[in-house]
There are 2 protein chains.
Amino acid sequence: MSATNTAVTSQLSGSASTGPCGDDDCGIRDVLDRLGDRWTVLVLVELYKGVRRFNQLQRAIPGISQRMLTVTTKRLCRDGFVERTAYPTIPPQVEYRLTDMGRSLADTASALADWSRTYKDAIAVARDRWDAEHMQ
Amino acid sequence: MSATNTAVTSQLSGSASTGPCGDDDCGIRDVLDRLGDRWTVLVLVELYKGVRRFNQLQRAIPGISQRMLTVTTKRLCRDGFVERTAYPTIPPQVEYRLTDMGRSLADTASALADWSRTYKDAIAVARDRWDAEHMQ
DNA sequence: CGGAATCCGATGCGATACTG
DNA sequence: CAGTATCGCATCGGATTCCG
């Protein structure tokens with residue numbers, strides 16, 4: 001691996017060294033490192049609806065900066081969740097769509113989203129209780 | 001909410017302001033902010049096996065620092081996923097166990113872990129391919 | 001239009017030292 | 001034993017500017 005490539009990939013993920021993992025950890029960290037960041041899930045959700053262009057995504061996801069949309073889509077492409085198609089027109093036109101694996105991930109993630117919706121209130125209650133008990 | 005409490009809670013999570021969320025986002029960010037960090041899942045997995053004491057957890061989770069174990073368990077307690085029981089003995093003895101909600105979360109997370117195991121290799125392949133194509 | 005490059009503040013996390 | 005307090009580095013992500 002060249003120094004150039006190291007520089008390229010290090011922008012995308014620090015997971016080159018997964019480090020020692022117990023037994024249950026292996027693999028899930030890579031996925032959680034993606035899903036855990038601020039925008040990946042939202043991009044996944046939007047692309048689940050269909051093919052989208054760059055600015056379409058940005059308009060559909062309020063608050064995401066140009067930079068983070070670039071970074072997020074690029075990471076998703078790298079890991080094989082999203083496919084990028086660039087048409088060499090002027091002005092340029094780029095389409096993003098989920099791969100089968102990306103769709104599979106989105107399905108699984110939506111199970112987590114369902115769980116979140118179910119327990120959202122319970123978490124809030126627990127949190128308020130804790131906060132109330134731990135303020136002097 | 002007092003300034004004191006704000007200080008306390010701000011150590012645990014920056015999610016006081018979830019910010020504007022589209023429609024699909026609501027709730028899941030709170031959960032992913034937990035699951036996404038380096039140690040939460042590992043602690044969850046270990047506690048899934050049964051009641052554990054502080055040092056038991058630390059020995060069972062290689063690489064976790066005392067500080068991160070404290071922070072992680074405290075966050076899990078705050079959100080109602082883990083219950084903490086302290087016995088005022090000398091030396092002190094503290095037990096951690098999953099709540100029903102915590103067990104439910106661990107179950108859901110393990111679905112994601114299963115997914116990860118299934119696609120782990122495919123991700124690695126996609127990543128290598130991408131890296132190979134994007135190095136000069 | 002769809003980025004890339006740079007700067008910078010906020011947060012995450014490890015290491016270390018101290019405590020009831 | 002089970003923490004707390006402080007430091008310092010690394011990464012994340014927002015804002016801005018430049019480019020083909």
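Counting only heavy atoms from C-beta outward, the side chains of Q58(B) and I64(B) approach each other to under 4.5 Å. Contact annotation: the side chain of Q66(A) never approaches that of L69(A) to less than 4.5 Å [non-hydrogen atoms, C-beta and beyond]. Counting only heavy atoms from C-beta outward, the side chains of R75(A) and R34(A) approach each other to under 4.5 Å. Annotation: side chain of V82(A) is not in contact with side chain of T99(A) (no heavy-atom distance under 4.5 Å). Looking at heavy atoms from C-beta onward, L35(A) lies in side-chain contact with L112(B) at the 4.5 angstrom threshold.
Among the nucleotides dG13(D), dG3(D), dC13(C), the one closest to any side-chain atom of D37(B) is dC13(C). Here the nucleotide nearest the side chain of N55(B), chosen from dA4(C), dG13(D), dA2(D), is dA2(D). Checking dG3(C), dG13(D), dC13(C) against the side-chain heavy atoms of R75(B) singles out dC13(C) as nearest. With dG14(C), dG14(D), dA2(D) as the candidates, the nucleotide lying closest to the side chain of R38(B) is dG14(C).
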So which protein nitrogen or oxygen atoms get under 3.5 Å of nucleotides 16-20 of chain C's nitrogens or oxygens?
none

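In this structure, L69(B) places its CG atom 11 Å from P of dT4(D), rounding to the nearest Å. Atom CG in L57(A) sits about 14 Å away from atom P in dC1(C), given to the nearest Å. Atom-to-atom, CD1 of I64(B) to P of dA15(C) comes out at 12 Å; the value is rounded to the nearest Å. To the nearest angstrom, P of dC1(D) lies 14 Å from CD1 of I90(B). Between M68(B) atom CE and dA15(C) atom P the separation is 12 Å, expressed in whole Å. Rounded to whole angstrom, the span from the CZ atom of R59(A) across to the C1' atom of dG2(C) amounts to 12 Å. The distance from atom CG of D33(B) to atom C1' of dT11(D) is 15 Å, rounded to the nearest whole Å. Put simply, CG on L76(B) is 13 Å from P on dG3(D), counting in whole angstrom units.
Within 6.0 Å of CG on D114(A) lie more than 12 heavy atoms contributed by other residues, nucleotides or ligands.
Each end of the helix from dC1(C)-dG20(D) to dG20(C)-dC1(D) yields a helix axis from five base pairs, and these two axes differ in direction by 40° (to the nearest 10 degrees).
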Show every donor-acceptor pair shorter than 3.5 Å between a side-chain atom in residues 101-110 of chain A and any protein atom, with sequence neighbours excluded, or say none if there are none.
{"residue": "S104(A)", "atom": "OG", "partner": "W115(B)", "partner atom": "NE1", "Å": "2.7"}
{"residue": "S104(A)", "atom": "OG", "partner": "Y119(B)", "partner atom": "OH", "Å": "3.2"}
{"residue": "D107(A)", "atom": "OD1", "partner": "Y48(A)", "partner atom": "OH", "Å": "2.6"}
{"residue": "T108(A)", "atom": "OG1", "partner": "S104(A)", "partner atom": "O", "Å": "3.1"}
{"residue": "S110(A)", "atom": "OG", "partner": "D107(A)", "partner atom": "O", "Å": "2.8"}

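Within the structure, a side-chain polar atom (N or O) of Y96(B) is placed less than 4.0 Å from OP1 or OP2 of dG3(D). Considering only side-chain N and O atoms, K74(A) lies nowhere under 4.0 angstrom from the phosphate OP1 or OP2 of dG3(C).
Ranked by how close their nearest DNA chain D nucleotide is to the 5' end, G63(A) and F54(B) are led by F54(B).
Between C77(B) and R84(B) the shortest heavy-atom distance is SG-CB, 3.8 Å. Taking all atoms of both residues into account, the shortest heavy-atom contact from R53(B) to Y96(B) is C-CD1, 4.5 Å.
R67(B) CZ to T72(B) OG1: the interatomic distance, rounded to the nearest 0.5 Å, is 9.5 Å.
Nucleic acid contact class of Y87(B) (heavy atoms, under 4.0 Å, all strands): none.
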